[in-house]
There are 2 protein chains.
Amino acid sequence: MDKRGGKGRQKIEMNLIESKEARTVAFSKRKNGLGKKAKEYSNLTGEDVGFILFTQDGKPHSYGSPSIEKVIDKFHELKQNDSLQNHTDMRKTNVFEAFEDLRKEVQAFKEKALDSEMPTDKHMLENR
Amino acid sequence: MDKRGGKGRQKIEMNLIESKEARTVAFSKRKNGLGKKAKEYSNLTGEDVGFILFTQDGKPHSYGSPSIEKVIDKFHELKQNDSLQNHTDMRKTNVFEAFEDLRKEVQAFKEKALDSEMPTDKHMLENR
DNA sequence: TTCTATTCATAAAT
DNA sequence: ATTTATGAATAGAA
């Protein structure tokens, strides 16, 4: 419970963040925020949603319910024939929640196995 | 000008909104909110972003910087290059790929530790 | 990544 | 479509 000083959220212009460091932090925060909002959209409305974004290093990231490819296909399909009768399919995946559950599970297994072996295994997974 | 009453934002469960009317309102607000966040992402980071979502009537809506089609094409292109040049799991950027890796890992652990107790299912909602 | 102080988003009621 | 009262997201600092 340390009381580290913080000036609280400040208002900023919606333009490119000049500072490379601040921009990196923004990439992380904003990407997570977008993912959460997208997940909330599908949870609350029961409809599909998906998004794609690129980060500093030019890497693609995506989120989709039920999957980004399914969303893209459905998009093109409906866009092409707008009068198409839509079928109800709805199968939410809640990727982030399930993902986090699995991550914790793996973590638990690894910690348990640490006292017997040193796996040296490292995962570069940034989502939470 | 008028001071119509409101109880302020209330906390809600992130599940399907039962009320058709409330859901309709949510579609509108959430869609706008997602659009704003996406736009802010590209403005602040200078990188591309795009999203697709479907509304009650099954109609597709999209947003893209510079365009949803460009974003989709770039996504597929980079995803292809990435998998061709990197076979390791060191640079996974797609949540689904990472998810699958974790799932397999968990499965492996479980098969290896057959006599472990069965963890109970914990399914609660929340954010983050 | 974590914490705090603020700004922003938005559930309810109109 | 608007206002209000709050819940949430997040800029800046560590």
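Order of the sequence lines sets the chain letters (A, B, ...), proteins ahead of strands, with each chain counted from 1.
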[N] [atom2] sits how many Å from [X] [atom1], rounded?
{"X": "B:Lys39", "N": "C:dA9", "atom1": "NZ", "atom2": "P", "result": "12 Å"}
{"X": "A:Ile12", "N": "D:dA9", "atom1": "CD1", "atom2": "P", "result": "17 Å"}
{"X": "A:Lys20", "N": "D:dG12", "atom1": "NZ", "atom2": "P", "result": "18 Å"}
{"X": "B:Tyr41", "N": "D:dT10", "atom1": "OH", "atom2": "C1'", "result": "15 Å"}
{"X": "B:Phe27", "N": "D:dA1", "atom1": "CZ", "atom2": "P", "result": "17 Å"}
{"X": "B:Lys37", "N": "D:dA9", "atom1": "NZ", "atom2": "P", "result": "8 Å"}
{"X": "B:Arg23", "N": "C:dA11", "atom1": "CZ", "atom2": "C1'", "result": "16 Å"}
{"X": "B:Met14", "N": "C:dT10", "atom1": "CE", "atom2": "P", "result": "10 Å"}

Grouping I, L, V, M, F, W and Y whenever their side-chain heavy atoms are under 4.5 Å apart, do B:Phe51 and A:Phe27 come out in a common cluster?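 They do share one cluster, since a chain of ILVMFWY contacts under 4.5 Å joins B:Phe51 to A:Phe27.
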Any heavy-atom pair between the side chains of [Y] and [X] that's under 4.5 Å?
{"X": "B:Arg23", "Y": "A:Glu47", "value": "no"}
{"X": "A:Tyr63", "Y": "A:Ser42", "value": "yes"}
{"X": "A:Leu34", "Y": "A:Asn32", "value": "no"}
{"X": "A:Gln56", "Y": "A:Lys20", "value": "yes"}

With distance as the sole criterion, do the side chain of B:Arg9 and the base of D:dT6 form a donor-acceptor contact below 3.5 Å?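 No such pair is found, so the answer is no.
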If the cut-off is 4.0 Å, is A:Arg30 near the phosphate of D:dA9, judged by side-chain N/O to OP1 or OP2?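 Checking A:Arg30 against D:dA9: no side-chain N or O falls below 4.0 Å of OP1 or OP2.
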Does a side-chain N or O of B:Lys36 approach OP1 or OP2 of C:dA9 to a distance below 4.0 Å, or not?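 True: B:Lys36 side-chain N/O within range (under 4.0 Å) of C:dA9 OP1/OP2.
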Enter the inter-axis angle for the ends of the helix from C:dT1-D:dA14 to C:dT14-D:dA1 (five pairs per end, rounded to 10°).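 Terminal axis comparison yields 40°.
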NZ/B:Lys37 to CG/B:Leu44 distance, rounded to the nearest 0.5 angstrom?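 If we round to the nearest 0.5 Å, B:Lys37:NZ and B:Leu44:CG are 9.5 Å apart.
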Checking contacts here: which listed nucleotide (C:dC8, C:dA13, D:dA8) is nearest the side-chain heavy atoms of B:Lys7?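 Selected nucleotide (nearest to the side chain): C:dA13.
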Heavy-atom nearest nucleotide on DNA chain D for A:Gln10 versus B:Val25: which residue maps closer to 5'?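 On the 5' side of the pair lies B:Val25.
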If you assign each of A:Lys29 and B:Lys29 to its closest nucleotide in DNA chain C, which residue comes earlier from the 5' end?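 Nearest nucleotide further toward 5': that of A:Lys29.
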Check salt bridge (charged side-chain N to carboxylate O under 4.0 Å, His left out) between B:Lys74 and all other residues, then give those that pass, not counting sequence neighbours.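 For B:Lys74, the residues satisfying salt bridge (charged side-chain N to carboxylate O under 4.0 Å, His left out) (neighbours in sequence not counted) are B:Asp48.
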